Amino acid sequence: MVDVAKNLHDVQKRLPDDVCLVAISKYHPKEMIASAYAAGQRVFGESREQELAEKVEALPNDIEWHFIGHLQTNKVKYIAPYISMIESVDSPKLLREINKHAARSNRVIDVLLELHIAEEATKYGFTLDKCRDFLEVGEWRELSNVRICGLMMMASNVDDERQIRQEMLTAKDFFNEVKERYFADQPSFKQRSWGMSHDYLIAVTCGSTMVRVGSAIFGER
Ligand SMILES: *Cc1c(COP(=O)(O)O)cnc(C)c1O
């Protein structure tokens, strides 16, 4: 049996106080989420709309749900009424769609822009140049029902700590660059979401403010 409360506590005590732990509960049953909730955890992350909807329905309503997976534009309308943060905005089109449905729900939805820095060809996200272009064009400034709160990335899934560190530091430098250029007057642009079960301790030495930890809390999927 996986001891969710103990695992959660072990992760939490390794994290600096100012780093937000997002417990990634995808593919795990709601009973396990309830155990983490009972142990004090309130922020959870899911990657599929349907699975998330079922969990939201069954679990306490003071949970903050983060969406962390690739989000199809036709699914935005289902999560817009309640999602607390969408961490995986990987295209201008998706951001526009989130803005539209947030407006219909009378909300401002917090989002992160997902960067593609890792070597893996399959990962979603803006390349640094695409992200620069997107911010420079400036259409995002008119989207008043989304608030861009920072950046998210996944490092390559490798054992080489140096490579992981280098990718995370690239993301940190990029954060500083765009913070200065586009968000200097916006204190809400402050989140650097990197670090998963195998690399969150590296992430906190590379400027992470938000780690997304799944299997180290809930066990293997
Ligand atoms: C699944 C997932 C995680 C958590 O991964 P673990 O290795 O289980 O900690 C974090 N971020 C994203 C984007 C994910 O899809």
Side-chain angles (χ1 to χ4, degrees), residues 2-15 19-30 32-33 35-36 39 41-52 55 63-72 75-76 79 83-91 94 98 110-127 131 149-161 163-165 167-168 170-172 175 191-221:
V2 178
D3 188 341
V4 170
K6 179 181 183 301
N7 292 345
L8 185 63
H9 182 71
D10 287 347
V11 172
Q12 197 80 66
K13 77 176 183 233
R14 290 190 184 108
L15 289 176
V19 173
C20 173
L21 172 59
V22 184
I24 305 301
S25 47
K26 65 185 186 196
Y27 311 137
H28 290 293
K30 40 189 183 294
M32 292 184 102
I33 303 177
S35 300
Q41 181 66 24
R42 290 295 178 272
V43 187
F44 292 87
E46 289 280 337
S47 60
R48 294 190 310 188
E49 180 278 318
Q50 184 67 44
E51 179 181 350
L52 174 56
K55 289 173 172 174
I63 289 179
E64 289 175 38
W65 295 100
H66 286 207
F67 199 90
I68 58 153
H70 177 62
L71 181 58
Q72 289 170 283
K75 297 288 169 67
V76 173
I79 67 170
I83 201 78
S84 200
M85 180 177 270
I86 299 173
E87 296 200 23
S88 44
V89 173
D90 55 8
S91 73
L94 177 59
I98 295 168
D110 286 347
V111 304
L112 304 180
L113 302 178
E114 180 176 356
L115 299 178
H116 178 125
I117 292 175
E119 281 177 347
E120 281 106 89
T122 57
K123 287 194 175 143
Y124 293 103
F126 289 93
T127 62
C131 193
C149 294
L151 305 174
M152 184 269 249
M153 62 83 80
M154 265 185 281
S156 294
N157 187 15
V158 293
D159 291 327
D160 181 1
E161 275 199 24
Q163 183 179 346
I164 294 171
R165 190 176 301 278
E167 291 174 359
M168 288 174 172
T170 298
K172 182 182 180 213
F175 175 93
Q191 300 298 353
R192 296 177 292 270
S193 177
W194 39 89
M196 307 172 31
S197 291
H198 71 284
D199 60 12
Y200 73 92
L201 290 175
I202 303 174
V204 297
T205 71
C206 298
S208 175
T209 61
M210 191 175 264
V211 293
R212 308 178 309 270
V213 179
S215 44
I217 297 170
F218 299 108
E220 292 305 320
R221 290 179 290 273

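Remember, it's 1-based here, ligands and their atoms both numbered in the order they're listed. Being a predicted model, the structure only gives us computed values, none of them experimental. The first residue of the sequence shown is numbered 1, and numbering continues consecutively from there.
Looking at residues two or more places apart in sequence or on another chain, you find a side-chain contact (heavy atoms from CB on, under 4.5 Å) between Arg165 and Glu161, Leu169, Ile202, Thr205, Cys206.
Seen from the ring of Phe175, Arg192 counts as a face-on cation partner, given the 6.0 Å and 45° thresholds.
When all heavy atoms of Ala155 and Ala118 are compared, the pair lying nearest together is C-CB, 3.9 Å.
A parallel orientation is assigned to the rings of His70 and Tyr124, their planes being inclined by less than 30° (bins at 30° and 60°).
A donor-acceptor contact shorter than 3.5 Å is absent between the side chain of Gln12 and the backbone of Gln41.
Side-chain contact between Met196 and Asp199: present, with at least one pair of heavy atoms (C-beta onward) separated by less than 4.5 Å.
Annotation: ligand 1 has protein neighbours Ile24, Lys26, Ile68, Met154, Met196, Ser197, Arg212, Val213, Gly214, Ser215, Arg221, each with a heavy atom less than 4.0 angstrom from the ligand.
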